[in-house]
Trainee: 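Take a look at the following structure, please.
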Amino acid sequence: MRAHPAGPRHADVVQERHSSGPPRDLNTLDPKVWPRNISRGPDGEMRLAGVDVRDLAATHRTPVMVMDEADFRSRCHDFADAFGSAAAVHYASKAFLSGEIARWLDDEGLGLDVCSEGELAVALRAGFPAGRIAFHGSNKSERELRTAVDAGIGAIVVDSYYEIARLAELALERADEPSRSVREAASRNGSTATLEPIPVMVRVTVGVEAHTHEFIATAHEDQKFGFSLTGGDAAEAIRRIAACAGLRLVGLHSHIGSQIFDPAGFEVAAHRVVRLLADTVTEHPELADTLTTLDLGGGLGIAYTSADDPTPPDVMAKALADIVSREAQLAGIAVPRIAVEPGRAIVGPGTVTVYEVGTIKDVVLDGGMVRRYVSVDGGMSDNIRTALYDAEYTVTLASRTSDAPPMTSRVVGKHCESGDIVVRDCYLPSDIAVGDLIAVAATGAYCYVMSSNYNRVPRPAVVAVRDGADRTVLRRETDDDLMRLETW
Ligand SMILES: *Cc1c(COP(=O)(O)O)cnc(C)c1O
């Protein structure tokens, strides 16, 4: 059974396979799948924001991950416009984060979600304002919580009773030492700050698990995250937070899955969280002024192939706003502010991975069909999603175009593992040759961040392109990097 991003219950759901036959023209770049600023140049070469992939490969070696900066920024705008404010959009840094990305997000006014001390450290080092960061995770350590609180984090999304106790303890400590904390806060804000309570949200499991075209709605959820809604844990967590003067409840949070195309799952989740919000302000009227955010998480899907049809952010935003305001009115409470946490939908589509073809092998299958194995100079070390999630990708010849007939192909990596597949089923022109560059679309999310040094293969460079120029965001690993942990 394969691991699955939406959890084990979905692992036995047979995924649709796209058996649509070869596209009419293998050289076409479907705008749904490829970055917004992509084109073919005079030699048929792929150009990203005007930069020739052959030059990128020569400068940065291959594989290289190329990010269309304007694509990234335009998707930030799309979400900000759809949800009415940039601050309502919290980019999920687990999809991909570097100092450069954190600066782009800061420019665009978005919020940022982190789920470890490491992600938090990168964001803070890049100068991202702590007040716009939320901290997630099912097992935050005392040290992580302290670091986040000391930095002036925007919100801690609490996920367990242990965490509430840890935060309450931390709040007491701060109260015992008010002079130091207040001084630090004041020097940070340049103000005469008083000791503010720690802002927290409660992560609720709403019993909705969504993935692509289907969702499952139950009364409970068999997973590690959050407080159960129906089991009463969410209400109890809220009670414990409300009882602690050093904590301030600012929102309720739910996150239902990943790569979701259908708004219906979000609607069921929104419905259930608004109900909890209404119950909460009835039980704790004193919270009504500060408990104003309904965070519906991330999970908005993107097109990995031309067969994928994700819901655009504005359509999703409208559906959510409608259901939340309707439910709030029914419950007689103020309409909460909706927040969302897209990762993949912002960073995924604007990045391509460029590989060089190293070997080509034709394998005759039962029935006489031939599958061409095209081996590239990366693989599961820079993109584990195909092996891990059975993910589908679109690939094209990038250093030139070709009019040769399509050939049933499989793009595989250089690792010592037969599961090392980058694109399981694709068509490439039959004249594909060693030394050609090929590009895989939509690799911006959950590829680099899950990369490894398996077989001691270095991680590729990540390069941003914009207006005809390229800039290294993360440099390619060197031999020294591969040996930096050795004690010899
Ligand atoms: C993973 C995750 C996200 C982002 O998911 P995407 O599918 O990349 O949009 C947002 N919020 C939480 C809590 C997550 O765990």
Side-chain angles (χ1 to χ4, degrees), residues 3-7 10 72 75-76 78-79 82-83 88-97 101 105 110-116 119-120 123 132-140 148 153-160 163 200-206 208-213 215 221 223-227 251-263 265-266 269-270 273 293-304 308 310-313 316-317 320 338-351 384-385 388-389 391 442-450:
H4 195 285
H10 276 283
F72 182 97
R75 289 178 203 276
C76 293
D78 291 350
F79 272 97
F83 286 90
V89 184
H90 277 239
Y91 172 76
S93 55
K94 73 177 198 230
F96 179 70
L97 185 68
I101 303 304
L105 291 160
L110 265 65
L112 186 74
D113 278 2
V114 298
C115 57
S116 73
E119 289 177 350
L120 179 63
R132 296 212 315 267
I133 303 178
F135 199 142
H136 291 261
S138 61
N139 183 15
K140 306 178 197 75
I153 196 95
I156 304 270
V157 184
V158 298
D159 202 292
S160 72
E163 192 179 339
V200 299
M201 293 203 238
V202 169
R203 178 156 177 170
V204 181
T205 48
V206 289
V208 177
E209 185 190 302
H211 179 73
T212 311
H213 298 294
F215 72 94
E221 215 162 341
Q223 52 125 320
K224 70 172 180 172
F225 288 110
F227 293 95
L252 300 180
H253 175 279
S254 81
H255 173 75
I256 57 171
S258 66
Q259 185 57 6
I260 303 166
F261 290 173
D262 182 356
F266 279 106
V273 197
T293 297
L294 204 67
D295 187 332
L296 296 170
L300 283 86
I302 62 167
Y304 284 101
D308 290 337
T311 307
M316 194 65 97
L320 293 178
I338 297 177
V340 284
E341 305 172 329
R344 186 193 317 265
I346 289 178
V347 74
T351 296
I384 189 80
R385 292 191 63 257
L388 191 59
Y389 302 133
T443 57
Y446 305 110
C447 290
Y448 191 91
V449 287
M450 291 189 175

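First listed ligand is number 1; within each ligand, the first listed atom is number 1.
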Trainee: Residues in side chain to side chain donor-acceptor pair (under 3.5 Å) with D295, at least two apart?
Mentor: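 None.
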
Trainee: With heavy-atom distances below 4.0 Å as the criterion, list the atoms of ligand 1 near G343.
Mentor: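 Here the atoms of ligand 1 in question are 6 (P), 8 (O), 9 (O).
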
Trainee: R203 heavy atoms, cut-off 4.0 Å: which ligand 1 atoms fall inside?
Mentor: 13 (C)

Trainee: For I346, run the side-chain contact (heavy atoms from CB on, under 4.5 Å) check against L300, I101, V89 and tell me which one passes.
Mentor: V89

Trainee: Does an N or O anywhere in Q259 fall below 3.5 Å from an N or O of ligand 1?
Mentor: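 N/O-N/O distance under 3.5 Å: no.
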
Trainee: Just jot down the ligand 1 atoms closer than 4.0 angstrom to any heavy atom of E341, in number order.
Mentor: 3 (C), 4 (C), 9 (O), 10 (C), 11 (N), 12 (C), 13 (C)

Trainee: With backbone taken as N, CA, C and O and side chain as the heavy atoms from C-beta onward, which portion of R344 lies under 4.0 Å from ligand 1: side chain, backbone, both, or neither?
Mentor: both

Trainee: Tell me if a side-chain donor or acceptor on R132 pairs with a main-chain N or O of L110 at a distance below 3.5 Å.
Mentor: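 Present.
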
Trainee: Need the ligand 1 atom indices (1-based, order shown) with element for anything under 4.0 Å from a heavy-atom of H136.
Mentor: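 Those qualifying, in numeric order: 13 (C).
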
Trainee: Out of all atoms in ligand 1, which are within 4.0 Å of some heavy atom of P342? Include the element for each.
Mentor: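 Matching atoms, with element in brackets: 9 (O).
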
Trainee: Under the side-chain contact (heavy atoms from CB on, under 4.5 Å) rule, what do L252 and M201 come out as? Steps first, then yes or no, please.
Mentor: CA-CA 5 Å; L252 300 180; M201 293 203 238; over 6 Å; no

Trainee: With a 6.0 Å cut-off on the ring centroids, do H136 and H253 count as close?
Mentor: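 Here the rings of H253 and H136 have centres that are less than 6.0 Å from each other.
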
Trainee: At a 4.0 Å threshold, what atoms of ligand 1 neighbour a non-hydrogen atom of G298?
Mentor: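 Selected atoms, number and element: 9 (O), 10 (C), 11 (N).
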
Trainee: Does Y446, backbone or side chain, put an N or O under 3.5 Å from an N or O of ligand 1?
Mentor: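 Yes; at least one N/O pair falls below 3.5 Å.
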
Trainee: Looking only at non-hydrogen atoms, find the nearest pair between A317 and A82 and report the distance.
Mentor: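 Distance-wise, the nearest heavy atoms are CB-O, 3.2 Å.
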
Trainee: What about H253: any of its N or O atoms under 3.5 Å from an N or O on ligand 1?
Mentor: no

Trainee: Side chains of Y91 and R75: is there a donor and an acceptor less than 3.5 Å apart?
Mentor: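 No - no donor-acceptor pair under 3.5 Å links their side chains.
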
Trainee: What are the atoms of ligand 1, with element, lying closer than 4.0 Å to any heavy atom of A92?
Mentor: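 What qualifies from ligand 1 is 3 (C), 4 (C), 10 (C).
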
Trainee: Residues in side chain to side chain donor-acceptor pair (under 3.5 Å) with T311, at least two apart?
Mentor: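 Not a single residue meets the side chain to side chain donor-acceptor pair (under 3.5 Å) criterion with T311.
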
Trainee: Would you check whether G297 has a nitrogen or oxygen atom less than 3.5 angstrom from a nitrogen or oxygen atom of ligand 1?
Mentor: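 No, since none of the N or O atoms of G297 sits under 3.5 Å from an N or O of ligand 1.
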
Trainee: For ligand 1, which is the ligand I care about here, please tell me if G299 has any N or O atom under 3.5 Å from one of the ligand's N or O atoms.
Mentor: yes

Trainee: Grab the two heavy atoms, one from V449 and one from L97, that are nearest each other, plus how far apart they are.
Mentor: CG1-N, 4.2 Å

Trainee: Starting from atom 2 (C) of ligand 1, which protein heavy atom do you reach first, and at what distance in Å?
Mentor: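 Atom 2 (C) of ligand 1 sits closest to the protein heavy atom K94 NZ, 2.3 Å.
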
Trainee: Charged N to carboxylate O under 4.0 angstrom, E163 versus K140?
Mentor: yes

Trainee: Does ligand 1 have any atom sitting under 4.0 Å from a heavy atom of F225?
Mentor: no

